[in-house]
Amino acid sequence: MLHGRRILLVLSGGIAAYKSLELIRRLKERGAQVRCILTANAQNFVTPLSVQTLSGEKVFTDTFSLTDEHEIGHITLARDCDLVVVAPATANLIAKMATGLADDLASTALLVTDRPILVAPAMNFRMWEHPATQANLATLKGRGVTTVGPNTGMLAEGETGMGRMAEPAEILAAVEGLLAAGPLKGIKALVTSGPTYEPIDPVRFIGNRSSGKQGHAIAAALARLGADVTLVTGPVELADPPGIITVRVETAREMLGACLGRLPVDVAVCAAAVADWTVSNATKEKRKKEPGAPPPVIELAPNPDVLATLSERGQARPRLVVGFAAETEKVLEHASAKLARKNCDWIIANDVSPATGTFGGDFNTIHLITRAGTEPWPRASKADVAERLAWRIVDALKGEHERHRLHPAAAPRR
Ligand code: CTP
């Protein structure tokens with residue numbers, strides 16, 4: 001199944017584009033999200049309307065459409081996916097990819113993407129056999145691009161030869177093969193996210209401003225790389241990420257119980273903003289204002305520390321435990337102290353003072369602190385931070401070698 005996997009399908013201008021309509025249908029049936037870019041020539045063979053109807057997504061055709069650029073820039077479009085599929089890939093588009101031309105949306109997206117690329121060539125057999133095409137394909141393969149087909153058979157012009165685009169079922173199998181071989185396949189991951197709410201009474205609680213965006217993005221990124229992910233989340237306004245087991249909790253105690261119930265895992269990432277205290281004199285009924293009475297006194301008791309508890313599980317300790325340090329001052333100093341105090345392996349220090357807009361926002365500026373030292377990461381979207389962290393986890397658990405072997409084209413931006 002391809003549940004929750006995001007595919008960017010680029011259609012260039014060949015008669016085989018009609019087969020890509022069937023490919024879209026099959027990808028959708030398997031649960032994938034399919035966004036499509038049509039070149040100008042592709043639109044001579046299939047219409048944006050048919051592609052849009054089958055994909056259920058807006059179709060992209062032109063780099064300079066102001067509306068598209070407003071809603072989703074071409075760089076985001078090219079990177080916000082798990083795999084780019086080019087089907088049909090004409091000799092022309094393959095040549096552009098090999099030489100790095102970017103004169104329309106399709107070629108621009110292919111030049112800026114950092115995701116794995118699968119190419120399904122489709123062309124006349126003379127074009128296929130031409131040394132230029134073969135050299136271009138060799139260049140692309142050298143850069144980690146995967147190809148499927150072409151097949152031998154009757155071509156559109158009535159000639160027979162090599163150049164028929166692979167059948168939709170073959171392309172689908174190649175897609176599934178590429179995505180299934182995620183470098184974290186077989187790895188169990190646990191991620192905490194969001195705030196916790198500690199009840200004062202049935203209608204009031206102590207909470208915090210965490211949106212859960214960073215934790216949810218980390219869970220989704222680990223799942224995209226093939227991990228078997230459980231997300232334990234406090235109350236957030238985000239949808240459960242697809243392809244992940246999501247356990248919704250309210251309090252810190254419930255979060256700890258849900259996490260311990262998922263052990264053993266290989267890696268735990270504690271991104272939740274867990275309340276440090278619970279209300280020990282919470283009432284079963286709503287607290288009422290008594291005329292003339294002083295305001296109620298709320299008594300607090302410490303909450304368990306999920307991160308520290310996971311770090312001290314002895315035999316059941318995850319191989320890698322990653323914490324966050326949300327700080328508003330002396331960020332690195334406080335974060336390093338937390339790494340030592342909570343006995344985790346890495347800590348991600350982030351400045352959450354109001355001026356940074358981190359809490360609730362879409363961007364994050366972090367430092368990764370490991371036992372080996374401190375790395376500043378450039379300011380990036382929470383999705384990009386998550387992606388980069390997920391690849392660091394691949395490196396830590398499986399080694400650099402495996403990462404390059406499996407996804408040579410998807411090395412993270414460093
Ligand atoms: N954490 C946790 N359980 C808690 C408190 C914190 O698992 N009861 C985890 C958070 O998920 C995060 C890390 O510990 O990964 C640090 O959380 P943070 O709120 O920055 O620090 P605190 O430990 O709460 O310390 P302080 O409030 O003093 O900064």
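What's counted below: heavy atoms across the whole structure, side chains too, no hydrogens, waters or symmetry copies. Numbering of residues begins at 1 and proceeds along the displayed sequence. We count ligands from 1, going down the list as the structure has it; atoms in each ligand are counted the same way.
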Chemist: Does NZ or CZ of Arg392 lie under 6.0 Å from the centre of the six-membered ring of Trp346, at an angle within 45° of the ring axis?
Modeler: yes
Chemist: Could you identify the single nearest non-hydrogen protein atom to atom 2 (C) of ligand 1 and state the distance to 0.1 Å?
Modeler: Asp305 OD1, 3.3 Å
Chemist: With heavy atoms only and a cut-off of under 4.0 Å, state how Pro304 meets ligand 1: side chain, backbone, both or neither.
Modeler: backbone
Chemist: Before accepting this row, confirm whether a basic side-chain N of the pair Glu327/Lys338 lies closer than 4.0 Å to the acidic partner's carboxylate O.
Modeler: yes
Chemist: Using a 4.0 Å cut-off to any heavy atom of Ala326, which atoms of ligand 1 qualify?
Modeler: 20 (O)
Chemist: Between Asp201 and Arg287, is the closest basic N to carboxylate O distance under 4.0 Å?
Modeler: no
Chemist: Among all protein heavy atoms, pick the one closest to atom 3 (N) of ligand 1 and tell me residue, atom and distance.
Modeler: Val306 N, 3.0 Å
Chemist: Specify whether the nearest protein heavy atom to atom 28 (O) of ligand 1 is under 4.0 angstrom away.
Modeler: no
Chemist: Give the atoms of ligand 1, by number and element, whose distance to some non-hydrogen atom of Gly323 is under 4.0 Å.
Modeler: 15 (O)
Chemist: Can you tell me the protein heavy atom closest to atom 7 (O) of ligand 1 and the distance?
Modeler: Leu307 N, 2.8 Å
Chemist: Do Arg317 and Asp345 have side-chain heavy atoms sitting under 4.5 Å apart?
Modeler: yes
Chemist: Do Asp384 and Arg79 sit within salt-bridge range, that is, some charged N less than 4.0 Å from a carboxylate O?
Modeler: no
Chemist: Considering only protein heavy atoms, determine whether one is less than 4.0 Å from atom 18 (P) of ligand 1.
Modeler: yes
Chemist: Is the shortest distance from a Lys or Arg side-chain nitrogen in Arg115 or Asp80 to a carboxylate oxygen in the other one below 4.0 Å?
Modeler: no
Chemist: Please examine the side chains of Asn350 and Phe324, heavy atoms only from C-beta on, and report whether any two atoms are closer than 4.5 Å.
Modeler: yes
Chemist: Nearest protein heavy atom to atom 10 (C) of ligand 1, by residue and atom, and its distance?
Modeler: Ala272 O, 3.3 Å
Chemist: Starting from atom 4 (C) of ligand 1, find the nearest protein heavy-atom neighbour and note its residue, name and distance.
Modeler: Val274 CB, 3.4 Å
Chemist: Tell me whether Phe324 has any N or O atom under 3.5 angstrom from an N or O of ligand 1.
Modeler: yes
Chemist: Does any N or O atom in Asp276 lie less than 3.5 angstrom from one in ligand 1, N or O only?
Modeler: yes
Chemist: Please say whether Cys270 places an N or O atom under 3.5 Å from an N or O atom belonging to ligand 1.
Modeler: yes
Chemist: Taking NZ, NE, NH1 and NH2 as the nitrogens, is one of them in Glu285 or Lys288 under 4.0 Å from a carboxylate oxygen of the other?
Modeler: no
Chemist: Using distance alone, determine whether Ala325 and ligand 1 share an N or O pair under 3.5 Å.
Modeler: no
Chemist: Less than 4.0 angstrom from a charged side-chain N to a carboxylate O is my criterion; do Lys19 and Glu22 meet it?
Modeler: no
Chemist: Is it the case that ligand 1 has an N or O less than 3.5 angstrom from some N or O of Lys338?
Modeler: yes
Chemist: Is the number of heavy atoms from other residues, nucleotides or ligands within 6.0 Å of CZ (Arg209) greater than 12?
Modeler: no
Chemist: Can you check which of Lys342, Arg341, Met255, Arg253 brings a heavy atom nearest to atom 23 (O) of ligand 1?
Modeler: Lys342
